[in-house]
Amino acid sequence: MNINQLREEYLKFFEARGHRRIPSAPLLPENDPTVLFTTAGMHPLVPFLLGESHPLGKRLVDFQKCIRTNDIDEVGDASHLTFFEMMGNWSLGDYFKEESLAWSYEFLTRTLGIQPSSLSVTVFAGDADAPRDDEAAGIWKRLGIPVDRIHYLPKKDNWWGPAGQTGPCGPDSEIFYDTGRPDHPGCGPGCSCGKWFEIWNNVFMEYDKKADGNFTRLKQQNVDTGLGLERTHAVLQGLDDIFKIETLWSLVQKIEELSGRSYAENPSPFRVIADHLRAASFAIADGARPSNVESGYVVRRMIRRSVRFGRELGIHDNFLGALSCTVVEMMQATYPELERQREVIAGALDAEETKFKHTLERGLRQVNKVFDHLKENHINLVSGEDAFDLFETYGFPLELTQELARENGLPVDEEGFQRCYAEHRESSRQNLDQKFKGGLADHAEKTTSLHTATHLLHKALRTVLGTHVQQKGSNITPERLRFDFSHPERVTPEQLAEVECIVNDQIAADLPVNMEIQTLQQAMESGALAFFSEKYGEQVKVYSIGDFSKEVCGGPHVTRTGAMGHFRITKEEAVGQGIRRIRAVLE
Ligand code: SER
């Protein structure tokens, strides 16, 4: 079974059990300011887990492209990836533990033919917030898992969510594949020795974490599951190296061709390049561009790491743009946006690679300055801080600095470097964690109003500037909205004032906001705006704001415009050829 057949089998299995397919959401969350990338299939579904009705009903199934960068420095071993695909089935207040676990077990053992004896499971051990999950354990026993392969683990292992500080969450039950490697005292599912391979997580989202830290029951019991596509495929193929699955292996082979080096001898650089290039290509296809902030910075870092590891393999010419064609070819059947953005991806990679090479040259000049300074002052050691600065600012790996230092007869304080590195990593982790705190659920009220304001702004811009105005992107934080749209020239202050005035008139009119479920076809025929057609399923939600605006959108929105506050545009600027950006607030 190849990876696409596996994907199809999964979707069909759940469709046969009443689930409707939903498309993979973009990697850059549109209306959630608190995460850089979509990290799990449940992310785009938060409003529906909280009770918003989904146009396709209560049982959904999909595969979702995800990027997780918390462990970016671990990439290079046999199992870590930043970009991966997660298959998921959801119950939005419909079935619960019994069906969910039974279907997971049936899919793995019957459809995929995995030996039941290779599976072990974990369930929540219970604490002051929620009881021990004897119900899930009982279901596993009835399904035939022996008690010694059912493990009770605490919250840090067996609880998922909320995605932010507050919101839907619950105990989970994880399914592990036993690779058959020897165990050791204290080893069990959850141990990181490599024996246990987590393949599927069933989350029973029946709790709502409140801002005061307490857990209350949600009004509906949800199921959120995540089955790792690459990992499951590797298990089925009997592979103990995730990079040997076909979609990554073809990249590894190309890199072998380009470098003339062999993966078997030194796999790490191949793995970093294959993983990072794939992640960066997908992120660029969804609108990210290398920069110094947020998701753009992550993309920049992945490209620069790839260039560095390419040099380690002796590749000195630009290669990432050309190599991205292999990513496109391998995955375009599932993700057509790759094909549509093929040139944009290659162009952005190539430009960043060239830019980084200039930085490297500047870095070499900086290295020489550092060495001269040390020599002049008769210091016989490159400090950890200097080595770290070269790493952080100029992208110089420690090994490169050591090599150059050696040529100058200087040792490098390696421990000092590792200390700076660990401190930095801790603080960027905290930043990322911070970023992850406060998901959609947190700032619901503020962001919901700004989301409705975005629709009003869109329509007002089309009224003032013309119907060539189309939404090109949107990003909402609890403080402001940001809206990108097509327009060939600067929007004049008079036009901006007129737009503001129109939006504020609609707010003052306290218009009702209504939602209707239609097919995309019906929605378009009724004149609803819809500019992201690849993202929609067969049935869509159409939000109307009085008679003023009508747009296809996932929601949520306010129910009336009256209490939104006063709308003010704070900035208008260009962000690209023919694309303008407006920032605005509600006061
Ligand atoms: N949200 C859970 C996870 O990411 C299950 O999909 O593991």
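In listed order, ligands and their atoms are each counted from 1.
By the side chain to side chain donor-acceptor pair (under 3.5 Å) test, Glu135 pairs with no residue at all, sequence neighbours left out. Partners of Glu352 by side chain to side chain donor-acceptor pair (under 3.5 Å), not counting sequence neighbours, listed by chain and number: Arg300, Arg304.
Within the structure, every pair that satisfies the ring-ring contact (aromatic ring centres under 6.0 Å, His included) test and touches residues 109-153, not counting sequence neighbours, is listed here: Phe124-Trp159.
Ion pairing of Lys219 with Asp208 is absent here, as no side-chain N (NZ or NE/NH1/NH2) approaches a carboxylate O to less than 4.0 Å.
With hydrogens and angles left out, the side-chain atoms of Asn222 and Ser91 include no donor and acceptor closer than 3.5 Å.
Using cut-offs of 30° and 60° for the angle between ring planes, the Trp103 and Tyr95 rings count as perpendicular.
Contact residues of ligand 1 (protein heavy atom closer than 4.0 angstrom to a ligand atom; sorted by chain and number): Ala40, Met42, Arg68, Met86, Trp160, Asn201, Val203, Asp224, Thr225, Gly226.
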